[in-house]
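Everything on this sheet refers to the single structure shown next.
On a predicted model such as this, the values are computed, not experimentally measured, just so you know.
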Amino acid sequence: MFDHVISELKNLFSAGEISGTEARLRFVTLPQNQAVKAVKYLNEKQGYRHLVLLTAVDYIEQGQFQLTYLLHNPENRTDIGVRVLIDRENATMESAHTLWPTIATYQRELREMFGIQFPGSPGVDDDFILEGWRGLPPYRRDFDTKAFAESFFPQREGRGTNDPAAFMKEKLYPNE
Amino acid sequence: MNKQGVFSLEGDRSKYPQPGADGKPEIDLSSHKYMKMWQGPNHPGITGNMSVELTVCADEVVEAKTHVGYLHRGFEKLMERRKYIQNFPLVCRIAVPEPDYNELNYATAIEKLTGIEVPEKGLWLRTLVAEMARLQGYLMWLGGMAGAVGFGTVGQWSNYLRDLILDRFEELTGARIYHIYILPGGVRNDLPEGFADRMEANLKEIEGFMKDINRVLFNNYVYKKRTVGIGYIDPAWIYPYGIVGPNARAAGSKNDVRKDSPYVKYPELDFGVNTATDSDIYTRSVLRYNELLTDVDLIRQILSKMPKEGDFIAKLPNMMNLTIPAGETYVRSECTRGEYGYYMVSDGSGYPRRVNVRGPSYTHAVALLEKMLVNANIADVAQIMVSLHTYPPEIER
Amino acid sequence: MGTTKDILSPFLVWKQFFRKPVTIKEPLKRQGADRYRGFHINDIQECIGCGTCESICENQAIDLVAVAGIDTKSGDSGLRPKVDYGRCCWCALCVDVCTTGSLKLTNVFTWVDTDPDQFRYIPGVDAKPWDNATKGYKKAASLELYPLERIPMQHLHPEERHDSFIEIIKGFSKEEALREADRCVACGICTATCPAHMGIPEYIKAIREDNVEEGLRIMYETNPLPEICGRICTHKCETVCSVGHRGDPLSIRWLKRYLADQVPASAYASVLKSDSIEKNNRKVAIIGAGPAGLSAAYYLGMMGYQITVFEKLSAAGGMMRFGIPEYRLPYDQIDKDINYILSLGVEIKYGVSVGKDITLEQLEKEYDAVFAATGLHDGRSTRIPGTNHSGVYQSIELLRKITLGEPIEVAEKIVVIGGGNVAMDITRSLARMQRQKYGKVQLIATSLETEDIMPADREEVVEAREEGAIIYPGWGPREIIVENDRIKGLKVVQCLSVFDEQKRFSPKFDESNENFFEADMVVESIGQGANLSYIPASYFEQLEKDHRGRVLVDTLTFQTKLPWLFMGGDIIEGPDVIHGIANGHKAAKGIDQYLNANREEKQ
Ligand code: SF4
Ligand code: SF4
Ligand code: SF4
């Protein structure tokens, strides 16, 4: 079902790794400078008209963000996830709002939550969910939600727990 | 863009600002021609905690901006530091009135990546809760819709009817709202004794009330006047604006995940896709009403076709130690608002690398709503919004 | 649109006016559904404080707290879960995962109190009105968040093994080990029960993560004989495993064996970092190369001491080599563990009997400290008439000879007296030899204890039967009948009970119920005693002893009243391998402490 479109993506946009074993879902890695072109091609020429989602995955260990454009073809009911790996430092990606006006919302959220810039995307720098937040973009892996919660919210007194093995050692064989 | 209805009051637009080159009107607040108005976050015509910042000129909206963030809890991020099993109490909270699609999608994503298989009975019970969730979701929406145009009574009825379904949820899952009923490999429990009979009595009650609601709402001069020809969605917007579910089907689309990408036991059920073409508030509300009746039928079918015996949950590996091979998947299901999806990425550890929840409201309540409200009358803002059936928590997760 | 109907139709619903209201009048009294997830209850006697409920709770609503009146003991941490309803979301995952099934939710969900601290309580300990509620959420029988069934261990079938001494247990494959290791809920309850307090959940985790080297390191922290223990340990840990409360306990022993089997002997030194030990010039003598002696040698060796082990026999291992048959513990596996200890520079002097070839006084002079772990090697006799016949043997001697490859008598009909593991070992060894020699087995093992209280491991009894031996539990030996200087058989009477009310050994018999087991050869296997004759009387007098004359040592350091003399192993505690290992480890630490303190004094 995917043979044709994937070979086209390889020929036209130098698609890299292909993964996915489900009958109707494939993920394709594309170079950053080809991705929006490829997404446009899938949308306009291959029937992948429905933008399911655009989101990011933080691979902090590799210093990269993965952007995933998930596209759905309403005719043959297949999905293609276009993966793009971009640099985590000064992360910037081309905007795709001319293809789907609604993608501006996703790009605005990614700017806010991951700190990925989409120059030219309408309203991309407006606060979206985190009005007034000026700290580290919180969906990055290096943002520690637990540390944040512990410092931001008062902790209730009177809690304390024991590890069973350590407690048993203390009670039964403290000096061994 | 509003469709002309017989009773629609079309004012003189010549004094309103004309759109500039970018399609947006020039708005100069210091001209005193405009006023900012906040619809929400506390407003009876708002479906939950969100608000719309309206710029109005006289009683006409010239610009609308959706504001969310009132109940952001960072679920997607929180999930990354919890084991897969520990996320079930979290995911159900992403769409409060319909937790089950979250549980279903999340569990299915785990199953796809691990290869855990759900036994037959488990799939039937999942289908049942999916339809029960839809039924009570529509009932809740119906109350909101009627309320937005001032029919509080219908809101009372539909809340009572929804409560009946919540009673069934309570006896099936142990909770009324956050069911946490679906787990990887199946569901947590079988039907209690006599469940089908009690459900049947509830369905009869609902059907009885639906006749009345049909009379009082859909065959009502006032309701029609407030909804016909208002809140028009152009079919051409469906893909650019990511419109799904009843909002798209009332504009002629036939998209329904239950049919298009079948899951659980839908292929074994007999039902049609409800569609319409007029694409205004009235059409969307009648379409949802029809879907509600379809649900009643579907629940009957499920309860009669479901095998009495059989395992409802698979033999699981240790959920406390579960690691998922590196990979990614996307799982979708049809909730009351349309396609509901979970994109899950695993890096091979015991914790998800990333979970992204795609709720229909993300597109409906932001880009689409902002577009639809332009040129609307202030008095119609609430109905337009409710007619899109949006849940803010799934926007900001 | 806009028809008269549209104006009139809404009025049709006025009939609703006559319906009965559906309002719930007293919501606080409303009953939750039978499965409702309300407040917790916990059966405090069943709960073992394993903390699994705490670890699954994503809200951190559970603390494990000590409770007055509940003692910490083997298999029960003495802790109990305390729930904070400021955090609990009533998901009941804690109920689903509870290892004992003690934790449940009631269907009570209304509770009003002005003091927020009231909403933190210990279910089952702090009394609540719903303590006796029977309704509420319980885990469905078929829902298990972890597998209850063990991964079966592959072993040789009786006909594949009954005439040879090849190892019966095949060991886990990687796939099997990973699946078995997956079942562990990592609670750590087992660690206290293991005499060596091994880091069981930690090394099981290493298996899950397929990091066998890390696993080996963890094991060697507390046990330098993992190949051996992984085969023949009495696995007391498994008797308390949390998962065992509702399912099969983890196969902790086989997992340990799996880990040790995975790492080749050649990799040990680098994995265990023994290639960089700093040596010191202090010398310790160890008497006996059994589990306790070897364990002490290992840990002292790792600390840099110069170790000399004096071993009476021609090979090291003690009971592990000379008591346990090869089909349970192959010699090459013993050698793998021992050779690694030798590689640390430990020296073993074989064939040297302390007391004969060298005296304890000499050791005292030449070494800084002495650790005596000589074990129990003298078989005890029933002393019934006929036992002095030359056809009556001690099991322990026969087993030793089998290991040494010396010929032993294998008669056509044999009776073994005894119901412990050693009795089963000789029974099964002789059965094999009978089959090799005669092509059939005619062997009866009889014990005082009835089958339910036989001290031997259950699988030993089952497998002995599979191999052709007949087991007659519950008979007391009375006389070995000898005619014309030939053994005819063993006369027994029924044993009614073995212990009295105070659990003391005091067997009662029904003399009228006699039985006779025909035999040409009788083997006694009712226990072994120590031989401490190598300790000169002048020293022995100075040692502290209990009322039965057993030497007492410091329970932490295994030091005797003679400061330079440490004693451990079966002569002090046990008898079993794992106690020996634990004793050796503690003695090593004790010796180190003693010598360090000594040196500081001298300086
Ligand atoms: S899991 Fe069960 S047995 Fe373990 S501490 Fe919790 S309540 Fe007690
Ligand atoms: S019910 Fe859920 S939230 Fe409450 S203590 Fe149990 S695991 Fe924690
Ligand atoms: S082996 Fe059993 S007792 Fe030990 S940590 Fe694992 S589950 Fe707990």
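Residues forming a side-chain contact (heavy atoms from CB on, under 4.5 Å) with Ala64(B) (at least two apart in sequence, or on another chain): Val52(B), Leu54(B), Val61(B), Leu373(B). Residues meeting the side-chain contact (heavy atoms from CB on, under 4.5 Å) test with Ala38(A), sequence neighbours left out: Leu9(A), Phe13(A), Leu30(A). For Phe152(A), the ring-ring contact (aromatic ring centres under 6.0 Å, His included) test picks out Phe148(A), with sequence neighbours left out.
Of the atoms belonging to Leu51(A), it is backbone heavy atoms, and not side-chain ones, that fall under 4.5 Å from chain B. In this structure, chain B has a heavy atom under 4.5 Å from the backbone of Ala56(A), while its side chain stays farther away. For Val68(B), the parts lying near chain A are the backbone and the side chain together; criterion is any non-hydrogen pair under 4.5 Å. Contact annotation for Pro352(B): only backbone heavy atoms (N, CA, C, O) come within less than 4.5 Å of a heavy atom of chain A. If you measure heavy-atom distances from Leu71(A) to chain B, you find no contacts under 4.5 Å at all.
The minimum heavy-atom distance between Ile129(A) and Ile395(B), with the atom names listed, is CD1-O, 4.2 Å. A pairwise comparison of heavy atoms in Pro101(A) and Pro240(B) identifies CD-O, 3.3 Å as the closest pair.
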Output the donor-acceptor atom pairs between chain B and chain A under 3.5 Å, with atom names and distances to 0.1 Å.
unit_1: Lys65(B); atom_1: NZ; unit_2: Asp126(A); atom_2: OD2; d: 3.0
unit_1: Lys77(B); atom_1: NZ; unit_2: Arg140(A); atom_2: O; d: 2.5
unit_1: Lys77(B); atom_1: NZ; unit_2: Phe143(A); atom_2: O; d: 3.0
unit_1: Glu80(B); atom_1: OE1; unit_2: Arg141(A); atom_2: NH1; d: 3.1
unit_1: Arg81(B); atom_1: NH1; unit_2: Asp144(A); atom_2: OD1; d: 3.1
unit_1: Lys112(B); atom_1: NZ; unit_2: Glu22(A); atom_2: OE1; d: 2.9
unit_1: Pro240(B); atom_1: O; unit_2: Thr102(A); atom_2: N; d: 3.4
unit_1: Asn255(B); atom_1: OD1; unit_2: Arg77(A); atom_2: NH2; d: 2.9
unit_1: Asp260(B); atom_1: OD2; unit_2: Arg77(A); atom_2: NH1; d: 3.4
unit_1: Asp260(B); atom_1: OD2; unit_2: Arg77(A); atom_2: NH2; d: 3.1
unit_1: Glu328(B); atom_1: OE1; unit_2: Gln66(A); atom_2: NE2; d: 3.3
unit_1: Glu328(B); atom_1: OE2; unit_2: Arg83(A); atom_2: NH1; d: 2.6
unit_1: Thr329(B); atom_1: OG1; unit_2: Glu22(A); atom_2: OE2; d: 2.6
unit_1: Arg332(B); atom_1: NH1; unit_2: Asp79(A); atom_2: OD1; d: 2.8
unit_1: Arg332(B); atom_1: NH1; unit_2: Asp79(A); atom_2: OD2; d: 3.4
unit_1: Arg332(B); atom_1: NH2; unit_2: His72(A); atom_2: ND1; d: 3.4
unit_1: Arg332(B); atom_1: NH2; unit_2: Asp79(A); atom_2: OD2; d: 2.7
unit_1: Glu339(B); atom_1: OE1; unit_2: His50(A); atom_2: NE2; d: 2.9
unit_1: Tyr343(B); atom_1: OH; unit_2: Gln66(A); atom_2: NE2; d: 3.2
unit_1: Tyr343(B); atom_1: OH; unit_2: Thr68(A); atom_2: OG1; d: 2.7
unit_1: Arg353(B); atom_1: O; unit_2: Arg141(A); atom_2: NH1; d: 3.2
unit_1: Arg353(B); atom_1: NE; unit_2: Asp58(A); atom_2: O; d: 3.3
unit_1: Arg353(B); atom_1: NH1; unit_2: Glu61(A); atom_2: OE2; d: 3.1
unit_1: Arg353(B); atom_1: NH2; unit_2: Asp58(A); atom_2: O; d: 2.8
unit_1: Arg353(B); atom_1: NH2; unit_2: Glu61(A); atom_2: OE1; d: 2.8
unit_1: Arg353(B); atom_1: NH2; unit_2: Glu61(A); atom_2: OE2; d: 3.3
unit_1: Arg354(B); atom_1: NE; unit_2: Ala56(A); atom_2: O; d: 2.5
unit_1: Arg354(B); atom_1: NH2; unit_2: Thr55(A); atom_2: OG1; d: 2.8
unit_1: Arg358(B); atom_1: NE; unit_2: Val52(A); atom_2: O; d: 2.7
unit_1: Tyr362(B); atom_1: OH; unit_2: Thr105(A); atom_2: O; d: 3.3
unit_1: Tyr362(B); atom_1: OH; unit_2: Glu109(A); atom_2: OE1; d: 2.5
unit_1: Arg397(B); atom_1: NH2; unit_2: Glu109(A); atom_2: OE1; d: 3.4
unit_1: Arg397(B); atom_1: NH2; unit_2: Glu109(A); atom_2: OE2; d: 2.7

